[in-house]
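Taking it in order: structure first as structure tokens, then the write-up.
Start at 1 with the first residue, then count along the sequence. As a basis for the values below, the full set of heavy atoms in this structure was taken, side chains included, without hydrogen atoms, waters or symmetry mates.
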Amino acid sequence: MQELELLAPARNKEIGIAAIACGADAVYIGGDGFGARKDAGNPMEDVAELCSYAHRFGARVYMTVNTIIYDGELDSAHKMMLRAQKAGIDAFIVQDTVIFSWDDITVPLHASTQCAIRDTGNARFYESLGCGRIVLEREMTLERIKEIHEAVPQCELEFFVHGALCVCYSGNCYMSEAIAGRSANRGACIQACRSLYDLVDEEGKVLVKNKALLSLKDYCLINRLGDLADAGVCSFKIEGRLKNASYVKNCVRAYSEAIDGLVAAHPDKYVRASFGRVSGGFKPELDRTFNRGYTELFLDGKRGQWSSMDAPKSIGEFVGKIAAVRKPKGRGVYSMFVDIEPAGPDVTFSNGDGFCALPKGKAGAKLLGFRGDVCTGMTIETKPMDGLVPGMKVFRNINASFERELDRNMPKREISVAVDISISGNFEMDVHAVSEDGREILSPFKMDVEAAENRERQIAMMQEQLSKRALHYNFKVTDIHTDKPGAAVPLLSASTLNSIRRLVAEDIDALKIKARPLATGTRHDGEKCSHSGYKLNIANRLARELHEAHSSDGIEPAYELSHKEGAELMRTRYCIRHELGMCPVHQGAKASGPLYLLNNGRRFDLVFDCAACEMVVK
């Protein structure tokens, strides 16, 4: 049976707990340093609490230690990992190869997407270091995923299925460091790919003005989970350690339902990686949470419209067009009315909704955002602003009523427990309970009570009261029987039966859950990294020694240490020429000659590696 894991981001303890409650099999969280999201760190006490909650369901907690580490930081990073290990962390997601030399780190190590694993050579390298799991690049095709799975079948494969997309191959983006001295490999990325640029030719002619030419739509593979599982992926990862709780809850619930459907369709092939099913609560809707529009990127080996150059921030769900813009009489200049022609009959608005509109046909026009202070029918009352005119498409990027629903109507996650009750003639009752993860107890109860006058009614009451929730367990009585057919049963009140159920739940909870084990790697020699030079991201002497032992090619210091002249700042599968219909290879366009990106007086060269079908920013 192949385990399928839904892996959710956790900016903090509270979001991590909410993710598990909504169906995540695992969460990933930052500690108090060395995570690739510098603004998403957490004290170790909170990490320990999250681990304790997660382990109730056999769910896992992974800590991101996926920055490069300088020589002077080695001791601090090592000690932090030892503290996290003691706190209950199940695995570390790592980038710097120095970590593989620390023998006292005994939990599994997962190679981060920052390791830029997109070929079998790099996969074999990290497998040889002892990785139990590798996190693949997002730009992969299904065929390439299958190749890597066949090359390292003993390694688990983790793959992003939802959320923001870096335009550059992960771990090899040096643009933020080059511009601002803030390294993406050190958790301080300025998100240069979301900035506005002009595209110019070698004569200085502006071809595209003031657009987010490097910004991609968000990933959404909710309809491709079966294909990914067939290719060898066992962990489906949601991006977003800087996202808020509503985003995480909505995405987790949607993908958990999808994975449950996949398991239900193939019960002899797949099983969830943790225990406890989720029921009730809000209905997830991915279009109602943060997104820049969705794409499946290069999964099928085909190019499409991947860019979100007009809207590098979330635009949300399309709700209609502006029919009219009016100023209310007698209200001064404090508000205005925007009448909407709805996109469909189900569109409704609530006070507090957030909207945006994109001016049509204006080069470099920015999204116009406005808040619905009072929404009545299809009329939005908002503060005065310029630029809103009839005909504009309107999107809702904050759905106030949906946000309230996410907050107030949480689902319940329950571990099922099968209960068998045996009653002897002197009213000694044995409760035999087995949880879905295999924990088993036998709890005896001596009942000093009278016999029930109505045997059938009492048994029905016992069945009903004992088949309920206690703690986070959902009890289901499978059988109630006596040592002799038709023998009397004890007269028990509902409160007594409830007490019995709670005591049995506490007995089960006292036993350690039988969590499914994670894959652990085994170190061996003979593989070298397929990267070379500064792209090895070597930032300390011990990492350099490891690469030397593995005969890596062209060993150089990390870009952050050298700022190598002429280095590639980005290499990407995304291509601006193709996005704009200017590709001479696939679209038959006339050769454009050299192209450049301009931003705040700084020029970046674009190099088109057509043999590899990749674009380079220098």
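In this structure, the side chains of Trp306 and Lys217 stay at 4.5 Å or more apart for every pair of heavy atoms. For the pair Leu536 and Thr97, the minimum side-chain heavy-atom distance is 4.5 Å or more. Contact annotation: the side chain of Glu158 approaches that of Leu7 to within less than 4.5 Å [non-hydrogen atoms, C-beta and beyond]. Taking the side chain as every heavy atom from C-beta outward, Phe57 and Ile20 approach each other to under 4.5 Å. Between Glu568 and Val617, the closest side-chain pair of non-hydrogen atoms is not below 4.5 Å. You'll find the side chain of Asp509 reaches within 4.5 Å of the side chain of Tyr473, heavy atoms only. Residues Thr572 and Tyr169 are not in side-chain contact: their nearest non-hydrogen atoms beyond the backbone lie 4.5 Å or more apart. The side-chain heavy atoms of Ile17 and Glu49, taken from C-beta on, include no pair separated by under 4.5 Å.
Residue-environment remark: CZ (Arg408) stays at or below the threshold of 12 foreign heavy atoms within 6.0 Å. Heavy-atom contacts from other residues, nucleotides or ligands closer than 6.0 Å to CZ of Arg37 number 12 or fewer.
Asn540 is linked by a side-chain hydrogen bond (donor to acceptor under 3.5 Å, both in side chains) to Asp96, counting only residues two or more places apart in sequence or in another chain. With sequence neighbours excluded, the residues satisfying ring-ring contact (aromatic ring centres under 6.0 Å, His included) with Tyr174 are Tyr534, Tyr559.
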Subject >> Test salt bridge (Lys or Arg N to Asp or Glu O under 4.0 Å) applied to Asp553 and Lys528, step by step >> reply: CA-CA 8 Å; Asp553 294 329; Lys528 66 179 181 180; 3.2 Å; yes

Subject >> Test side chain to side chain contact (heavy atoms under 4.5 Å, CB included) applied to Gln85 and Ile105, step by step >> reply: CA-CA 8 Å; Gln85 198 167 254; Ile105 302 300; 3.8 Å; yes

**OP:** Mind running side chain to side chain contact (heavy atoms under 4.5 Å, CB included) on Arg272 and Asp260 for me, showing each step along the way?
**Re:** CA-CA 8 Å; Arg272 290 296 292 263; Asp260 281 344; 2.7 Å; yes

**OP:** Go through the steps to decide whether Glu156 and His110 satisfy the test side-chain hydrogen bond (donor to acceptor under 3.5 Å, both in side chains), and finish with yes or no.
**Re:** CA-CA 9 Å; Glu156 295 178 342; His110 298 171; 4.8 Å; no

**OP:** Tell me, with the steps shown, if Tyr62 and Arg60 meet side chain to side chain contact (heavy atoms under 4.5 Å, CB included).
**Re:** CA-CA 7 Å; Tyr62 307 144; Arg60 301 151 176 163; 3.2 Å; yes

Original post:
Can you check salt bridge (Lys or Arg N to Asp or Glu O under 4.0 Å) on Glu548 and Arg541, steps first, answer last?
Top reply: CA-CA 10 Å; Glu548 288 173 345; Arg541 54 184 171 76; over 6 Å; no

Original post:
Cys251 and Leu286: side chain to side chain contact (heavy atoms under 4.5 Å, CB included), yes or no, with the steps?
Top reply: CA-CA 6 Å; Cys251 292; Leu286 291 178; 4.0 Å; yes

**OP:** Check the pair Asp437, Lys514 against salt bridge (Lys or Arg N to Asp or Glu O under 4.0 Å), reporting the backbone distance first and the verdict last.
**Re:** CA-CA 6 Å; Asp437 61 292; Lys514 296 182 178 180; over 6 Å; no

**OP:** Verify salt bridge (Lys or Arg N to Asp or Glu O under 4.0 Å) between Lys564 and Glu556, making sure each step is shown before the conclusion.
**Re:** CA-CA 10 Å; Lys564 182 177 180 178; Glu556 297 177 8; 3.2 Å; yes

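Without hydrogens or angle criteria, Asp353 side chain to Arg371 main chain gives no donor-acceptor distance under 3.5 Å. Checking side-chain atoms of Glu239 against main-chain N and O of Ala164 turns up a donor-acceptor pair under 3.5 Å. Looking at Arg439, its side chain does come within 3.5 Å of a backbone N or O of Leu511 through a donor-acceptor pair. Although no hydrogens or angles enter the test, the distance criterion places a donor-acceptor pair under 3.5 Å between the side chain of Asn291 and the main chain of Thr289. Although no hydrogens or angles enter the test, the distance criterion places a donor-acceptor pair under 3.5 Å between the side chain of Asn12 and the main chain of Ile15.
Centroid-to-centroid, the aromatic rings of Phe236 and His162 stay 6.0 Å apart or farther. Under the 6.0 Å cut-off for aromatic ring centres, His472 and Tyr53 do not qualify, their centroids lying 6.0 Å or more apart.
The side-chain tip of Lys237 points at the ring of Tyr28 from less than 6.0 angstrom away and within 45° of straight on. Remark: Arg138 is positioned above the aromatic ring of Phe160, its terminal NZ or CZ atom under 6.0 angstrom from the ring centre and at most 45 degrees off the axis. By the 6.0 Å and 45° rule, Arg186 stacks over the aromatic ring of Tyr70.
Note on residues 107-127: pairs passing salt bridge (charged side-chain N to carboxylate O under 4.0 Å, His left out), not counting sequence neighbours, are Arg118-Glu137.
In this model, no donor atom of one side chain and acceptor atom of the other lie less than 3.5 Å apart for Ser170 and Gln114. Using a 3.5 Å distance cut-off with no hydrogens or angles, the side chains of Asp25 and Ser274 do pair a donor with an acceptor. Between Ser215 and Arg194, the side chains place a donor N or O and an acceptor N or O closer than 3.5 Å (distance only, hydrogens not considered). Side chains of Asp90 and His55: a donor-acceptor N/O pair is present below 3.5 angstrom, by distance only. Side-chain atoms of Ser128 and Glu527 include no donor-acceptor pair closer than 3.5 Å. Using a 3.5 Å distance cut-off with no hydrogens or angles, the side chains of Asn185 and Gln95 do pair a donor with an acceptor. Side-chain atoms of Asp104 and Thr106 include no donor-acceptor pair closer than 3.5 Å.
Put simply, CG on Leu136 and SG on Cys155 are 10.0 Å apart, with the number rounded to the nearest 0.5 Å. Here the straight-line distance linking atom CG of Leu228 with atom CG of Leu262 works out to 10.0 Å at 0.5 Å rounding. How far CG of Asp218 is from OG of Ser314: 7.5 Å, rounded to the nearest 0.5 Å. Atom OG of Ser416 sits about 7.0 Å away from atom CG of Asn474, to the nearest 0.5 Å. To the nearest 0.5 angstrom, Met175 atom CE is 14.5 Å from Arg182 atom CZ. With values rounded to the nearest 0.5 angstrom, Ile222 atom CD1 is found 11.0 Å from Glu296 atom CD.
The two residues Ala192 and Ile179 have their closest heavy-atom pair at CB-CD1, 4.0 Å. Taking both residues in full, the closest heavy atoms of Arg56 and Ile513 are given as O-CD1, 3.1 Å, listed atom of the first, atom of the second, then distance. Of all heavy-atom pairs spanning Tyr294 and Asp287, the tightest one is CE1-OD1, 3.6 Å. Scanning both residues, Gly31 and Met63, for their nearest heavy atoms gives CA-CE, 3.6 Å. Counting all heavy atoms, side chain and backbone alike, Val98 lies closest to Ser101 at O-OG, 2.6 Å. Here the shortest heavy-atom pairing between Val27 and Leu50 reads CG2-CD2, 3.9 Å.
Between Arg83 and Asp32 there is a salt bridge, with a side-chain nitrogen of the basic residue lying less than 4.0 Å from a carboxylate oxygen of the acidic one.
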